[in-house]
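Remember, it's a predicted structure, so these values are computed and weren't measured experimentally. Naming: A, B, ... by sequence-line order, numbering from 1 per chain. The figures that follow rest on heavy atoms only: side chains count, while hydrogens, waters and symmetry mates do not.
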2 protein chains.
Amino acid sequence: MLELRLVQGSLLKKVLEAIKDLVNDANFDCSATGFSLQAMDSSHVALVALLLRNEGFEHYRCDRNISMGMNLGNMNKMLKCAGNDDIITLKADDGSDTVTFMFESPNQDKIADFEMKLMDIDSEHLGIPEAEYHAIVRMPSAEFARICKDLSSIGDTVVISVTKEGVKFSTKGDIGTANIVCRQNTTVDKPEEATVIEMKEPVSLTFALRYMNSFAKATPLSHTVTISLSSELPVVVEYKIEDMGYVRFYLAPKIEEDEEEDTKPKV
Amino acid sequence: MLELRLVQGSLLKKVLEAIKDLVNDANFDCSATGFSLQAMDSSHVALVALLLRNEGFEHYRCDRNISMGMNLGNMNKMLKCAGNDDIITLKADDGSDTVTFMFESPNQDKIADFEMKLMDIDSEHLGIPEAEYHAIVRMPSAEFARICKDLSSIGDTVVISVTKEGVKFSTKGDIGTANIVCRQNTTVDKPEEATVIEMKEPVSLTFALRYMNSFAKATPLSHTVTISLSSELPVVVEYKIEDMGYVRFYLAPKIEEDEEEDTKPKV
DNA sequence: TTTGGCGAAA
DNA sequence: TTTCGCCAAA
C-alpha cells in the first residue's frame, strides 16, 4: 500500500514539466524514505535524478519498496488536470498494475481521481558517486535559462569557464560568437539573486546547448540553480526543491576540439 | 427600419465568439421584443439558441419582424473591429440586403461603420418545448470549462452523473480513467462561485466532449453555467446574459453502450 | 491559431 | 491583491 499526500501539488506538476521532454518512460522508486527517480534521457546522453523526501509530504505511507513504471507523457497529461493549488495524493495498492492520482481543490469542493496503467520498464539504476568538483556555481535559475536560450540562437555548444571572478558562457556559430560573463555577486538584496562561485581550480568545459535548454525547463522549481563542474566528470545541474529534495541533471562534457579543428570541414 | 443600440458592445462580441465555431450561417430574428437566433451546428447535432431582449438595449427599434441571414464568421470579423468598450449599434433599412454595424468609442472620438451583406438562409425554426428536468446543476462556468478541457485530454465522451450530493464528470481513454466530483456547495463567499444542484431524480448521461468544449466557449458571457439534464432529453447548457437573455446549447445524449461493448473491437 | 504564463495596472 | 492584456510556446 502506497499513499503519498503532497499539499503543494504544483511541485509535482513542475517536476513533470521539467523532465518529461527528456525522459519518456521511467520507474518511480518509492521507499520508506522518499520518492525518487533516476533515468537516462531517451538518447542515453543525459541522466535525470529526482528525489522527493518523505518529510516533504503531509502524509507518507510506503509499506514496502516499490518501483512503478510510468509513461511520463501520460502522467503529465493527468497532472495537468490538477489545479496549481490542488493537493495531490498518489495511491497504489500492493500488486496493482495501476496508480491513482487524486486531486483535491483547496476548498474541497472538487475531488478528482485519475487512474493510470503502470508499465514494465527495465532500468539500469546507476550508482552516482559523490564527487569533489573543481568549481560550483550558484546563480539565479532564470538567468541561467536566459543565457542558455540566448546562446543557442548563436551556436550549438556552450563553453562554461569558471574563474574566481566569475563564470563565462561562450558559444560560436556561423553568424558569430558570444560570451556572457556573470561576475560573482553576493551583495545583492535577496540571496536567491546572488551569483556565488566556489572554486578549487579553474575549469572550462563544453556542453551541448540542446541539453542545457532541456535542463532549464526545471527553472520554475527553484529560484536558484547550482552547476557543479570538474574536468572529466559530467556536469551536475541541480534545482533544489524546497524542503523536499532536488532534480539533478548530469551531462558529460564534449571533448573540446582544437579551435582550429572547429572551422575545418569535417573529414 | 431596425436600429438596436447596445451600450455594452462587448456582449455581442462575446456572443459571436461563443457560437461562431459551432454555426457557420444563421438567421438573426428580430421582433419588437428582442433579438434572437436559433440554429443547428454545422453537423446538425447540437442546437444553439440566443436571446437578447429589447430591455437590454439602450435604444431598440424594430418596426416589423425581420429575419437576417448572416455568415457568423464574417460577422465576427467585423465585430472584432469593435473595441471592448465600444457602443455597438446594429442597423438595417427595410428591404435592404445589408446590415450595418456601427462602433462608437467611449469618448466618441472614433466612429466606425461596417456594412455586411445579408444572405438567404432557409432555417427550420424548431419549437423547443419547455421541459421538466430530472436534475439542474448550476456551477461556476470557468470550473465547468476546466473540467471539460481536462477530461478531453483523457477521453472523448463524458458521463455526467447527478446525485443529491454532487455532480460527477467521468471519462475513460487509452491512458486511463478520470472522475471529477463537484460537491454541492452554497456556503461560498460569492454566489457565482456556488455549486447548486436541484434534483428530482438521479440521472447519468453521456455526451461528446467535443461539443461540451465548444459550448464552453461561452464562458466569458457569464460566471455561471446551468446544466439541465433528463434521461431521453437533450441536455441544456445555458449561459445567462445579464439583464438581456441567454445563450443555450442543446445536445442529445449518446446512447450509452454496455461497458463490455466498449472494449470489444468494433466490427 | 490557440493557450498558458507573465507582467503591469487598477 | 486581483484582474486584464501582452507575449511566447505548443
*salt_bridge(Lys240(A), Glu238(A)) N-O dist < 4.0 Å*: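 Yes.
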*Spell out, as yes or no, whether a donor-acceptor pair under 3.5 Å connects the side chain of Asn27(A) to the backbone of Ile121(A).*
yes
*Crowded around Asp109(B) CG? As in, over 12 foreign heavy atoms under 6.0 Å?*
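Enclosed: over 12 neighbouring heavy atoms sit under 6.0 Å from CG of Asp109(B).
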*Return yes when atom CG of Asn107(A) has more than 12 non-hydrogen atoms of other residues, nucleotides or ligands closer than 6.0 Å, and no otherwise.*
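Counting other residues, nucleotides and ligands, CG of Asn107(A) exceeds 12 neighbours.
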Roughly how many Å is it from [atom1] in [X] to [atom2] in [N], rounded to a whole number?
| X | N | atom1 | atom2 | result |
| --- | --- | --- | --- | --- |
| Lys217(B) | dT2(C) | NZ | P | 7 Å |
| Arg146(A) | dG5(C) | CZ | P | 20 Å |
| Asp85(B) | dA10(C) | CG | C1' | 14 Å |
| Leu221(A) | dG5(C) | CG | C1' | 15 Å |
| Lys80(A) | dA9(D) | NZ | P | 14 Å |

*Angle class for the Phe101(B)/Phe103(B) ring planes (parallel below 30°, perpendicular above 60°, tilted otherwise)?*
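Rings of Phe101(B) and Phe103(B): parallel, under 30°.
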*Taking the six-membered ring for Trp, are Phe215(A) and Phe249(A) parallel (under 30°), tilted (30 to 60°) or perpendicular (over 60°)?*
parallel
I'd like a table of atom pairs between the protein and nucleotides 1-8 of chain D - only N or O on both sides, under 3.5 Å - with the distance next to each one.
none

